[in-house]
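First the proteins, then the strands, lettered A, B, ... as listed; each starts at 1. Keep in mind the model is a prediction, meaning the values are calculated, not measured. When reading the values below, keep in mind they use all heavy atoms of this one structure, side chains included, and skip hydrogens, waters and symmetry mates.
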Amino acid sequence: MSMSKFNEYKGLNLPNVAKQVLEQWEANKVFEQSVTSRDENKPFVFFEGPPSANGLPGIHHVMARAIKDIFCRYKTLKGYQVKRKAGWDTHGLPVELGVEKELGITKEDIGKKITIEEYNNACKEAVMRYTDVWNNLTRQMGYWVDMNDPYITYENKYIESVWWLLGQLHQKGLMYKGYTIQPYSPKAGTGLSSHELNQPGCYRDVKDTTCVAQFKLKGIEKEEVITIDELHDDENEPVPHLKPLNPIQEEIYRLQQNGEEVFFLAWTTTPWTLPSNTALAVGSKISYFLVKTINQYSGKHINIILAKDLFSKYFEISDNIKSKDLIVGNHMLTLAGTPYENPENILNDDLLRDLPKELINKGRISHWDILAECIGNDLISLEYEQLLPYAQPYENADKAFRVIPGDFVTTEDGTGIVHIAPTFGADDAKVAKDAGVPPMLVLDENFNPVPLVDLQGKFRPEMGEFAGKYVKNEYYKDGEAPEKSVDVEISIKLKEENKAFKVEKYEHSYPHCWRTDKPILYYPLDSWFIKTTAVKERMIALNKTINWKPESTGTGRFGNWLENLNDWNLSRSRYWGIPIPIWRTETGDEEICISSVEQLKAEIEKSIAAGFMTNNPLADFEIGNMDKTNYDKFDLHKNYVDNIVLVSPSGKPMKRETDLIDVWFDSGSMPTAQLHYPFENKDLIEKQQLGVADFIAEGVDQTRGWFFTLHAIATMVFDHVAYKNVVSNGLVLDKNGQKMSKRLGNAVDPFETLDKYGPDATRWYMITNAQPWDNLKFDLEGITEVQRKFFGTLYNTYGFFALYANLDNFTYAEAEVPIANRPEIDRWIISKLNSLIKDVDAAYHTYEPTRAGRAIQEFVNDHLSNWYVRLCRRRFWKGDYSEDKIAAYQTLYTCLEVVAQLASPIAPFYSDKLYTDLASISGKGNTTSVHLSDFPTVNESVIDTDLEQRMDIAQQVSSMVLSLRKKEQIKVRQPLQKLMIPILNATFKRQLQEVADLILSEVNVKEIEYLEDTSGVLVKSIKPNFKTLGPKYGKIMKQIAAQVNQFTQNDIQEFERNQGATITVEGQQVELDSNDVEIITQDIPGWLVQTEGGLTVALDITISKELKEEGIAREFVNRIQNLRKDSGFEVTDKIALKILQHNEINEAINNNKNYICTETLTSRLDVVNELNEGVSVEIDQNLSTLIAIEKFN
RNA sequence: AGUCCCAUAGCUCAGUUGGUUAGAGCGCUACACUGAUAAUGUAGAGGUCCGCAGUUCAAAUCUGCGUGGGACUACCA
């Protein structure tokens, strides 16, 4: 027999357990084994989204990484080989900004005060600064990922693979250089990424001068000359021809014929863009009004067009009319009499000058007359006079100044007609391009097309009196800004020219450059783009094959994103990043995209031959040699490659395009770049499909980040998905639901948390408290609760097992007791256990860790500990080492072992401790680690739902009896004689009988009487079953229910006898059968009764003399046990007792002497008349005596 | 502004294909238990299922419109 014992502990210290287990893992290389020991032909591919080591990890990283870890561990248990390569995201703006700050330089200084090489080296150092901290977090939280051989995005091999991917895109014609509107900071002289714009505090509310400008329609031509070619006959005379006009155009035509002016109204918050206006956009289905009214500044009669919905924003209407009810012909005050004119009003500094009260009311004009109504479509292609004719577009000027459709036009604000300046708005540029309207570009000194505002943010010379002025006062140096901004000056000019309908201040949010604090401009800039729109449909189709958790992120957020896809702006005008591998001639008509170092070396050779370069910096690079040393001989960063000049096929020099690529492309390239594909590992990618992840997980904020770039690159280059399953987790908020931030001081330090509570409790809490995709309100007290409730209970259960197993020298050496030979309760917990395996397996399989965790903890707390162990305690410490006892040990052992395995993905440390504590003694399973074991397989044949049902009955009955006892203040130790339960059907009776013993011992009652329904004493109630009746009788359901509820006891008996009844409801015959109602017992007259959910229990509470004595004896046993314990005796020690006699207990002791002695291992019990040395014990209220206890030899 | 998520007891969360008395844990109060004891049991208090409208015989559940919180994207007159 083995002498080894199960480990016993004095207390549970989860952080210490984690430390010990971690040491074991490292000593035994458990992680490595968990990979190598699994079948390499059964890979489960996981991609690690690379964090940036530039910043410190937060508690949310623990969350995100726990999720990744859980499924990788689970799949490992299921026998898959799960390689997990760590990675580092090393490029990008945050790194650069940090370095600039540290070095005290700005972007402009790079290349001047410091060489790009020095700068890049500083970035390289900075970015890996916190790798140790990250590695520690990874270790401590038990995230298994291979940190020894991570992919690093700044390494030459990685960059080479990225270049190869770019080369593929270039080859497929998916890369182009384009001119687009981008956020631009004139003061900093640089474009800004959306990332930069989303820095906190960038969007600020500012008050700008806004202007509703009047764009005057050109005269509508009704007559059109038809040329000869179009005539069928041979007449030579051109014939005047009446062009068909739609009704609104007719109306405008009529007005114009009368010498009246007609204007479009369009609003802008940036009047400085008005000189660059080239079009007006309308919503094709929006309703517009043509209104005769008056200009409040010039006092002139005018006719204007604006959206119907916005009419009431500018015009006063009577209280009893709603704006949507306005129709043509409605009018307010007539416009009779002399036009109101007041030149002073125009020149007044005050921009908002009200008309006299009779003309304007609360800023709304009260003189108006609705002349016509139309929809936007009717207005399209109408032409208007250029508002501020300083310059003309250098090309297609004849196509400008027209009304075009814009699907983004709304009637939320403004006028429902949008001023379009294609050079200063992304939407503007798009609709203008779609409609063939040119942007306001003029040719500069070098005949390059440029907008009317230069890169410093000043108006160009073409702008007359505005030339040289900054478009925003903020761009002037301190103290140099003029009193009136150009926005104000332009507004005044428009007022003077009867071109401003309304000018006012307006507060809105506008982005500012986070570095200079100045407002940004939207400005056309040159960039390299990836034509993602070309593969949009394919990306949408492939996305439908991806399993998103939660699904809504995939269909909703991601799906919509794909539907509205724009081309991917790849360019970044920075230094520390992957250079765009494109070399171009000056004119741009010849270019090459380099896809490998080998190719670059060869191209340089050509260039040397052509005389553009003198030596080859890649001369030492050995082609085909994949050693790190070979790849360390050069550097593919900007500082290195910008010196390389290549030669074009026609013999011209080609220089590298100066931009870097978006860092998101770096990380999106990782599936292949981490393996240096296609230069190495070709088979892994092409044959084993390791380029497609079975599973990835990141925060939901990565939807348009990493999730997108992975998907886009995989679709474009390989035409397959990059991942099959993806979990996007929510945020970790503080306990009040606020976002965690260092600024608010509510950020939780992950290391402190892990140290204090241990990784297991932290992970368990995070996973079970909220679904991964819901935001988690992180509360440290929640971890304490998990510690106590789940781990504490599990630990106690193991402790209980170990204590008695060691006493009995149980080591699981005996053969399995056949399940059929085990008692009901064992079979029950085994059934529950197998149901649990099934549920947990399914939950993990469907990426639902929360379900898995909650199921496990319910099993451990409610079933295993609070029921199985509690009810079985006696079996463990009472009697011989019988088969029943062995069955109990085996059952409990199995439960603990399986729980350890099921819980191990979530709580890897404690589970391992528990599992190895068990396995090391029994030799069962893998004795090194739970993580090297195999996921338990469910044994369907032992799942017994009837048994689980019966146990539910037992639990419910017990609970009800205990409740009754409580009401009557009868202690559980006081035995009672009888329990009565009405039986309504045979199944219930059988089920109850099979668990009767359990109930009786649990509630300390001697017998159960089954009340068959013959006596007629039971009071019953009947309830309609809505689920069956509802579909059948629908409308009269309520009345049926009312009638059934009215059934008398007689009606119910009648129903039972006939197994049904027919009632009449609202003249309709309603057939009820036994499925249509539920009949339950409600009361047993004359008894102490409890009813709950159809189950009724009656308790006989008469206490006979024998019962009373037995109760006293039990009290004694309890007191003696306490004394034994207080005296420090071993559980196995025998004792001798002396009890001071007392009239009320003597008989009770004598009549139950045998019972007392066996229960307490008492070899000798004397009731004595006198006792000096004993301890006073209270048996009942006002009933005490003395007991003396000593060890018996 | 658009898209998405969330809203149920003081707190954290469950709530099956819609079915009539909406649950659990924690916390609180009281009692009990005491050979798992830094545990455990029982009972009690605690709810406008965010609001409004609709579909339905029947809505916490489905639909629409709002409100509040959060995220992402955009910045557009």
Side-chain angles (χ1 to χ4, degrees), chain A residues 11-12 183 194 197-198 203 210 212 266-270 273 280-281 406 408-410 412-421 425-428 508-511 522 550 552-553 555-561 564 699-705 730-731 733 735 737-739 768-771 773-775 777 779 781-782 784-785 788-789 792-793 795-797 799-801 803-804 850 854 857-858 861-862 865-866 869-870 873-874 876-877 959 962-963 965-967 969 971-973 1023-1031 1033-1041 1093 1118 1121-1122 1124-1125 1131 1160:
Chain A
L12 175 63
S194 61
L197 272 192
N198 282 313
Y203 282 89
T210 69
V212 177
W267 183 56
T268 179
T269 53
T270 51
T273 61
L280 292 173
F408 57 89
V409 178
T410 67
E412 295 288 310
D413 46 21
T415 64
I417 301 174
V418 177
H419 144 62
I420 298 293
D427 275 341
D428 303 33
H508 63 143
S509 91
Y510 195 84
Y522 288 87
S552 61
T553 301
T555 53
R557 186 180 289 195
F558 195 65
N560 290 333
W561 168 252
N564 302 314
V700 69
D701 52 330
Q702 293 296 331
T703 307
R704 277 114 180 208
L731 299 185
L733 309 170
K735 62 178 174 181
Q738 297 292 308
K739 203 174 171 179
T768 56
N769 192 58
Q771 301 259 47
W773 33 90
D774 286 341
N775 289 343
K777 289 183 191 161
D779 188 355
E781 284 191 28
T784 320
E785 191 182 319
R788 249 199 358 257
K789 286 236 40 114
T793 306
Y795 157 82
N796 270 334
T797 307
F800 176 87
F801 166 81
L803 174 69
Y804 292 107
T850 310
R854 284 175 177 167
Q857 96 192 351
E858 188 193 341
N861 288 335
D862 298 348
S865 170
N866 289 349
V869 172
R870 203 154 52 81
R873 282 189 307 213
R874 280 180 78 84
F876 290 92
W877 47 265
S959 157
L962 291 172
S963 167
R965 278 179 169 273
K966 153 87 182 145
K967 265 186 202 136
Q969 304 272 23
K971 295 176 174 180
V972 179
R973 265 201 296 270
K1023 228 170 68 174
N1025 182 353
F1026 284 80
K1027 222 168 184 166
T1028 60
L1029 288 171
Y1033 295 106
K1035 273 202 163 49
I1036 53 168
M1037 189 62 225
K1038 268 196 180 125
Q1039 290 87 325
I1040 295 174
N1118 165 249
Q1121 300 286 30
N1122 284 347
R1124 284 182 60 112
K1125 200 175 166 194
V1131 183
T1160 57

Handout entry: A/Q771, nearest nucleotide to its side chain (from B/G25, B/A14, B/G35)
Key = B/A14
Completion exercise
Checking N1-N3 plus N6-O4 or O6-N4 for Watson-Crick, or N1-O2 and O6-N3 for wobble, each under 3.5 Å, the partner of B/G2 is B/C72
Practice task
Pick the P atom in B/U16 and in B/G2, then give their distance to the nearest Å.
Solution key: 31 Å
Problem - Side chain of A/R788 - closest among B/C76, B/G35, B/C26 - result: B/C26
Practice task
Using whole Å, report how far CZ of A/F558 lies from C1' of B/A71.
Solution key: 16 Å
Handout entry: Given B/C13, B/U40, B/U73, the nucleotide with the shortest approach to the side chain of A/W561
Key = B/U73
Handout entry: Flag side-chain contact, heavy atom, 4.5 Å: A/V212 against A/T415
Key = yes
Problem - Residue of the set A/T768, A/D774, A/N769 for which side chain to side chain contact (heavy atoms under 4.5 Å, CB included) holds with A/Q771 - result: A/D774
Practice task
Quick one: look up who B/A32 pairs with, Watson-Crick or G-U, both distances under 3.5 Å, and put none if it's unpaired.
Solution key: B/U40
Handout entry: Interatomic distance, A/E858 CD vs B/G15 C1' [rounded to whole Å]
Key = 13 Å
Practice task
Please figure out whether A/R870 or A/D862 has its closest RNA chain B nucleotide nearer the 5' end.
Solution key: A/D862
Exercise for the section: Give none if B/G47 has no partner; otherwise give the nucleotide forming a Watson-Crick or G-U wobble pair with it, both distances under 3.5 Å. Expected result: none
Exercise for the section: Examine the base of B/A39 for any acceptor or donor lying under 3.5 Å from a partner atom in the side chain of A/S865, and report the outcome as yes or no. Expected result: no
Completion exercise
In whole angstroms, the gap separating C1' of B/C57 from CG of A/L1029 amounts to 11 Å
Fill in the blank from the handout: As its Watson-Crick or G-U partner within any shown strand, both distances under 3.5 Å, B/U21 has none
Practice task
Look only at the side chain of A/R1124 and the backbone of A/T1160, and say whether a donor-acceptor pair between them is shorter than 3.5 Å.
Solution key: yes
Practice task
Please work out which of the three classes, parallel, tilted or perpendicular, describes the rings of A/F800 and A/F876, given edges at 30° and 60°.
Solution key: perpendicular
Handout entry: Side-chain donor/acceptor of A/K1027 to base of B/U17, under 3.5 Å
Key = yes
Handout entry: Complement of B/U67, any strand, by Watson-Crick or G-U distances under 3.5 angstrom
Key = B/A7
Problem - Straight-line distance of A/L803 CG to A/N796 CG, nearest 0.5 Å - result: 11.5 Å
Practice task
Name the nucleic acid region contacted by A/Y795, choosing base, sugar-phosphate or nothing; use a 4.0 angstrom heavy-atom cut-off, strictly under.
Solution key: nothing
Problem - A/K789 NZ - B/A38 P separation (whole Å) - result: 16 Å
Problem - Residue A/N769, side-chain heavy atoms: nucleotide from B/U12, B/G25, B/C5 that is nearest - result: B/U12
Completion exercise
Taken to the nearest whole Å, CD/A/E781 to P/B/C26 is 14 Å
Completion exercise
Closest to the 5' end of RNA chain B, once A/R854 and A/I1036 are matched to their nearest nucleotides, is A/R854
Fill in the blank from the handout: From CE of A/M1037 across to C1' of B/G18 the rounded distance in Å is 14 Å
Fill in the blank from the handout: With the side chain defined as heavy atoms from C-beta on, A/N866 is closest, among B/G41, B/A39, B/A14, to B/G41
Completion exercise
Per atom distances to the A/D774 side chain, the nearest of B/C26, B/C5, B/C13 is B/C5
Problem - Whole-Å gap separating P (B/U40) and CZ (A/F800) - result: 15 Å
Practice task
Please measure how far the P atom in B/U67 lies from the corresponding atom in B/G51, and state the result in whole Å.
Solution key: 15 Å
Problem - Distance, nearest 0.5 Å, that separates NE2 of A/H419 from OG1 of A/T268 - result: 4.5 Å
Handout entry: Nucleotide nearest A/Y522 when distance is taken to its side chain, options B/C75, B/G25, B/A36
Key = B/C75
Exercise for the section: For A/D779 and B/G10, give me the distance from atom CG to atom P, rounded to whole Å. Expected result: 17 Å
